[in-house]
Amino acid sequence: MRHALLAFILALSSSLAAQLNGKYTFRHLDQEDGLLHTKILSITQDNKGFIWILTSNGMQRYDGYRFVNYPQVKGYSLIYDESKDEVGA
């Protein structure tokens, strides 16, 4: 289950590049890659292509290469407001 979810995260982040060249790349991410926790509570993608991940240890933004941590943001699900292009928990 955990690996399937992480593969899904990467599939979303690389979807634009995959559409351009017709190839898909899947990579599993875990705490060694910078994921705050392996238990994912919620996940969404914004208009810019960033993937927002909510774990029990906080929220993260993933750009396909690295994580930006927002450990002070806690909650049970992510809410993406497309009209304002904002993500919150």
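What you see is a predicted model; the values in this text were computed from it and never measured.
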*Any donor and acceptor pair, going by atom type alone, linking the side chain of Asn57 with main-chain N or O of His37 inside 3.5 Å?*
no

*asked:* What's the separation between atom CG in Asp33 and atom CZ in Arg66, rounded to the nearest 0.5 Å?
replied: 15.0 Å

*asked:* Quick one, Phe50 and Gln45 - any side-chain contact, counting heavy atoms below 4.5 Å?
replied: no

*Distance, nearest 0.5 Å, that separates NZ of Lys48 from CG of Asp63*: 13.0 Å

*Does a side-chain heavy-atom distance below 4.5 Å link Leu41 with Lys39?*
yes

_Using side-chain heavy atoms (C-beta onward) and a distance below 4.5 Å, is Tyr62 in contact with Leu35?_
no

*Would you confirm whether Gln60, through its side chain, and Gly34, through its main-chain N or O, come within 3.5 Å as a donor-acceptor pair?*
yes

*What distance separates Thr38 OG1 from Leu29 CG, expressed to the nearest 0.5 Å?*
12.0 Å

*Does some side-chain heavy atom of Leu54 sit less than 4.5 Å from a side-chain heavy atom of Ile43?*
no

*Tell me, do Tyr70 and Arg61 make a side-chain contact under 4.5 Å, heavy atoms counted?*
yes

*Looking at CE of Met59 and CZ of Phe67, how far apart are the two atoms once the value is rounded to the nearest 0.5 Å?*
13.5 Å

